[in-house]
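Along the sequence shown, residues are numbered consecutively beginning with 1. What you see below is based on every heavy atom in this structure, not just the backbone, and it leaves out hydrogens, waters and symmetry mates.
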Amino acid sequence: MIYMEITFQTSTLQKICENPKIATRHLGPDNATKLQRRLDDILAAENVTDLIAGKPHPLRRDREGKLSISLAGGTRLIIKPNHDPVPSKCDGSVDWKAVTAVTVCFIGDYHD
């Protein structure tokens, strides 16, 4: 069975994602629980388009090429493709169906 690969943009993000106690301290219990569920969903998916929970959607403008997944409240898990080159469609946008490796690049409320 094929699973997606997750890497982390920073060591801090990796610690938050891999240690439930650290996640709870940084994000609160609700977000820490949702984060673990969303990471499990990513690991179990064949590609990004298999993700359903957390209303995943591509971002625009200065976050073009990244995908937002809702946690609790306004907190979001932001991922980007970890491919070189990034799979793309004819229009230049990310071909999320071909993305099988992602990097966690942000956890928080980017609306602030």
(request) Show your reasoning for whether side-chain contact (heavy atoms from CB on, under 4.5 Å) applies to Val104 and Leu39. (result) CA-CA 10 Å; Val104 173; Leu39 292 170; 4.3 Å; yes
(message) Run Thr75 and Asp109 through side-chain hydrogen bond (donor to acceptor under 3.5 Å, both in side chains) and show every step you take.
(response) CA-CA 5 Å; Thr75 304; Asp109 188 345; over 6 Å; no
(request) Show your reasoning for whether side-chain contact (heavy atoms from CB on, under 4.5 Å) applies to Leu77 and Lys34. (result) CA-CA 10 Å; Leu77 170 65; Lys34 291 270 177 110; over 6 Å; no
(message) For Leu71 and Ile107: C-alpha separation, side-chain torsions, deciding distance, then whether side-chain contact (heavy atoms from CB on, under 4.5 Å) applies.
(response) CA-CA 9 Å; Leu71 300 178; Ile107 302 170; 4.1 Å; yes
(message) With side-chain contact (heavy atoms from CB on, under 4.5 Å) as the criterion, how do Thr24 and Leu27 come out once you've worked through the C-alpha distance, each side chain's angles and the decisive distance to 0.1 Å?
(response) CA-CA 5 Å; Thr24 300; Leu27 306 171; over 6 Å; no
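For the atom pair CD1 (Ile22) and CD (Gln14), the distance works out to 10.5 Å, reported to the nearest 0.5 Å. The CZ atom of Phe106 sits 6.5 Å away from the CZ atom of Arg63 when rounded to the nearest 0.5 Å. For the atom pair OG (Ser70) and CZ (Arg76), the distance works out to 3.5 Å, reported to the nearest 0.5 Å. A distance of 11.0 Å separates NE2 in His26 from SG in Cys17, rounded to the nearest 0.5 Å.
Looking at residues two or more places apart in sequence or on another chain, you find no side-chain hydrogen bond (donor to acceptor under 3.5 Å, both in side chains) involving Thr33. Qualifying side-chain contact (heavy atoms from CB on, under 4.5 Å) partners for Ser88, counting only residues two or more places apart in sequence or in other chains: none. Scanning for side-chain contact (heavy atoms from CB on, under 4.5 Å) contacts around Asp84 gives an empty result, with sequence neighbours left out. Under the side-chain contact (heavy atoms from CB on, under 4.5 Å) criterion, Ser93 pairs with Lys89, Asp91, sequence neighbours left out. Applying the side-chain hydrogen bond (donor to acceptor under 3.5 Å, both in side chains) criterion to Lys80, with sequence neighbours excluded, gives Gln9. With sequence neighbours left out, Glu5 forms a side-chain hydrogen bond (donor to acceptor under 3.5 Å, both in side chains) with no residue at all. For the side-chain hydrogen bond (donor to acceptor under 3.5 Å, both in side chains) test, residues two or more places apart in sequence or in another chain that qualify with Thr7 are Asn82, Thr103. In this view, Asp40 and Gln36 satisfy the side-chain contact (heavy atoms from CB on, under 4.5 Å) rule, not counting sequence neighbours. Judged as a salt bridge (charged side-chain N to carboxylate O under 4.0 Å, His left out), and not counting sequence neighbours, the contacts of Arg38 are Asp41.
The heavy-atom pair separating Pro81 from Val94 by the smallest distance is CG-CG1, 3.8 Å. Of all the heavy atoms in Met4 and Val102, the pair that sits closest is CE-CG1, 3.9 Å. Annotation for Tyr3 and Ala44: closest pair CD2-CA, 3.8 Å, computed over non-hydrogen atoms.
No side-chain heavy atom of Cys105 sits less than 4.5 Å from a side-chain heavy atom of Phe8. Under the 4.5 Å side-chain criterion, counting only non-hydrogen atoms from C-beta, Leu67 is not in contact with Ile78.
The list of salt bridge (charged side-chain N to carboxylate O under 4.0 Å, His left out) pairs with a residue in residues 21-33, not counting sequence neighbours, is empty.
Between the side chains of Asn47 and Thr100, no donor-acceptor pair is found at a separation under 3.5 Å.
Judged purely by atom type and a 3.5 angstrom limit, Asn19 has no side-chain atom pairing as donor or acceptor with the backbone of Lys15.
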Distance-only criterion, 3.5 Å: show the donor-acceptor pairs between side-chain atoms of residues 51-60 and protein atoms not counting sequence neighbours.
unit_1, atom_1, unit_2, atom_2, d
His57, ND1, Lys55, O, 3.0

